[in-house]
**Q** 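My structure is below; once you've seen it, I'll send some questions.
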Number of protein chains: 2
Amino acid sequence: MKETAKLFKALSDPNRLRILKMLEKRTLCVCEITDVLNLATSTVSKHLSILKESELIVEEKNGKWVDYSLNTTTENKRVKEFLNNLDLWIVDEQIVKIDYIAACCVDRNLVCCK
Amino acid sequence: MKETAKLFKALSDPNRLRILKMLEKRTLCVCEITDVLNLATSTVSKHLSILKESELIVEEKNGKWVDYSLNTTTENKRVKEFLNNLDLWIVDEQIVKIDYIAACCVDRNLVCCK
DNA sequence: TTTATATTTTGCTAAATAACGAAATGAAAT
DNA sequence: ATTTCATTTCGTTATTTAGCAAAATATAAA
């Protein structure tokens, strides 16, 4: 029961939902997500750890970057059901469309190094 | 986006999930739910208002009682998808089985009047 | 109309959460 | 080995939330 509540808690923050929709488009590193959401790096890192805790996303180290992507191969039934129907669960509002474009254009070599 | 987050926030509390599973069995009034969860009446009333806000449940006044039930006839796609697959989303742990029995046995004429 | 009682609202407290900046960590480049 | 830089962790603050008891509301019974 607590595990179920935890999954929904992970999904109960607008910025975390925006991250999931962005990752639907492509894999992103922390600084790229930070750039799109316009939040502090530490805040984004924390959001990502919460999503990872619930198995919604997975990370992969690539040199000095950590790439995050949707956990599409999970065995977790609820996560699988959710990720397979992202369009039902998270309706494409204006902000999602804007994030899609931003996420596609963002380049880690430009937005990092700050 | 905020609307979506709000639905998940409503689902992010263990006691609210227990309430939804109980209502799967049958319609219940506030004092019956209070008796099963062993919480203050005001706390349960607040939980119910949050679930109602997200269209997950509906209320019907019946004399001095207010009966709550799952909003199975909703037009809300996400709520419909969720309620139609309650068994997937909320796994039947021990506590749910106990609540089922308690919810079936509880009688408003005995547990109210306090 | 008065009393009884089911529910909601209000006011409060303790705990959880999202946000930030600064410090710590870890891996790549020099 | 040292520096650089992406990320995480830590410490703090403001806001939200779950819980309770008490007061307010609303409806049924007397």
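The sequence lines fix the lettering, A, B, ..., with proteins before strands; numbering per chain opens at 1.
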**Q** To the nearest angstrom, how far is L48(B) atom CG from dT8(C) atom P?
**A**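 So the two atoms are 7 Å apart, to the nearest Å.
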
**Q** Test of understanding: with salt bridge (Lys or Arg N to Asp or Glu O under 4.0 Å), list the residues that count as partners of D99(B), not counting sequence neighbours.
**A**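 Residues passing salt bridge (Lys or Arg N to Asp or Glu O under 4.0 Å) with D99(B): R18(B).
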
**Q** Can you check the K46(A) NZ to dT7(D) P distance for me, whole Å?
**A**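 For the pair K46(A) NZ and dT7(D) P, the rounded distance is 17 Å.
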
**Q** What protein N or O atoms touch nucleotides 15-17 of chain C N or O atoms at under 3.5 angstrom, if any, and at what distances?
**A**
none

**Q** Indicate the ring-plane relationship of F82(B) and F8(A), choosing parallel, tilted or perpendicular according to the 30° and 60° boundaries.
**A**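 Plane angle over 60°, so perpendicular.
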
**Q** Rounded to the nearest angstrom, tell me the gap between atom CH2 in W65(B) and atom C1' in dT8(C).
**A**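 Whole-Å distance recorded here is 17 Å.
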
**Q** Just grab all the salt bridge (charged side-chain N to carboxylate O under 4.0 Å, His left out) pairs involving residues 51-63 of chain A, residues at least two apart or on different chains.
**A**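 The answer is K6(A)-E53(A), K52(A)-E59(A).
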
**Q** Got a list of protein N/O to nucleotides 20-25 of chain D N/O distances below 3.5 Å?
**A**
from, atom 1, to, atom 2, distance (Å)
dC20(D), OP2, A40(B), N, 2.7
dC20(D), OP2, T43(B), OG1, 2.9
dA21(D), N7, S42(B), OG, 3.4
dA21(D), N6, S42(B), OG, 3.0

**Q** Would one find a side-chain N or O of Y68(B) under 4.0 angstrom from OP1 or OP2 of dT8(C)?
**A**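 So the side-chain polar atoms of Y68(B) do come within 4.0 Å of the phosphate oxygens OP1 or OP2 of dT8(C), strictly under.
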
**Q** Is there side-chain contact between T74(B) and N71(B), with at least one heavy-atom pair below 4.5 Å?
**A**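 Side chain of T74(B) against side chain of N71(B), heavy atoms only: contact under 4.5 Å found.
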
**Q** Can you name the nearest heavy-atom pair linking L48(A) to I57(A), along with the distance?
**A**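 Nearest pair, atom of L48(A) first, then I57(A): O-CD1, 3.5 Å.
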
**Q** Got a sec: does the CG of N38(A) have more than 12 other heavy atoms crowding it under 6.0 Å?
**A**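 No, not enclosed.
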
**Q** Output a table of nitrogen or oxygen pairs between the protein and nucleotides 26-30 of chain D separated by less than 3.5 Å.
**A**
from, atom 1, to, atom 2, distance (Å)
dT27(D), O3', G63(B), O, 3.4

**Q** According to side-chain contact (heavy atoms from CB on, under 4.5 Å), who are the partners of T27(A), at least two apart in sequence or on a separate chain?
**A**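 Scan of T27(A) (side-chain contact (heavy atoms from CB on, under 4.5 Å), adjacent residues dropped) gives D67(A), S69(A).
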
**Q** Can you tell me how far apart NZ (K80(B)) and OG1 (T72(B)) are? Round to the nearest 0.5 Å.
**A**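 K80(B) NZ to T72(B) OG1: 10.5 Å, rounded to 0.5 Å.
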
**Q** Rounded to whole Å, how long is the line connecting atom CD of E59(A) with atom C1' of dT7(D)?
**A**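 Going from CD in E59(A) over to C1' in dT7(D) covers 10 Å.
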
**Q** Give the rounded distance in Å between these two atoms: CG of N109(A) and P of dC5(D).
**A**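 Checked: the CG to P distance equals 12 Å.
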
**Q** Find the distance L37(B):CG to dG19(D):P and express it as a whole number of Å.
**A**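 The answer, rounded to whole Å, is 9 Å.
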
**Q** Have a look at Y100(B) and tell me which of K25(B), R26(B), E24(B) forms a side chain to side chain donor-acceptor pair (under 3.5 Å) with it.
**A**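 Single pass found, and it is E24(B).
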
**Q** Any side-chain N or O of H47(B) under 4.0 Å from OP1/OP2 of dG19(D)?
**A**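 Yes, because at least one side-chain N or O of H47(B) sits under 4.0 Å from OP1 or OP2 of dG19(D).
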
**Q** Check for me whether R78(A) meets the cation-pi criterion with W89(B), that is, NZ or CZ under 6.0 Å from the six-membered ring centre and within 45 degrees of the ring axis.
**A**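 No cation-pi geometry.
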
**Q** Quick one: E60(B) CD to dA6(C) P, roughly how many Å, whole number?
**A**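 Interatomic distance, CD of E60(B) to P of dA6(C): 18 Å.
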
**Q** In whole angstrom, what separates E32(B)'s CD from dT5(C)'s C1'?
**A**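 It works out to 15 Å between those atoms.
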
**Q** Salt-bridged, K21(B) to D87(B), with N to O below 4.0 Å?
**A**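 Looking at D87(B) together with K21(B), the answer is yes, because their closest N to O distance falls below 4.0 Å.
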
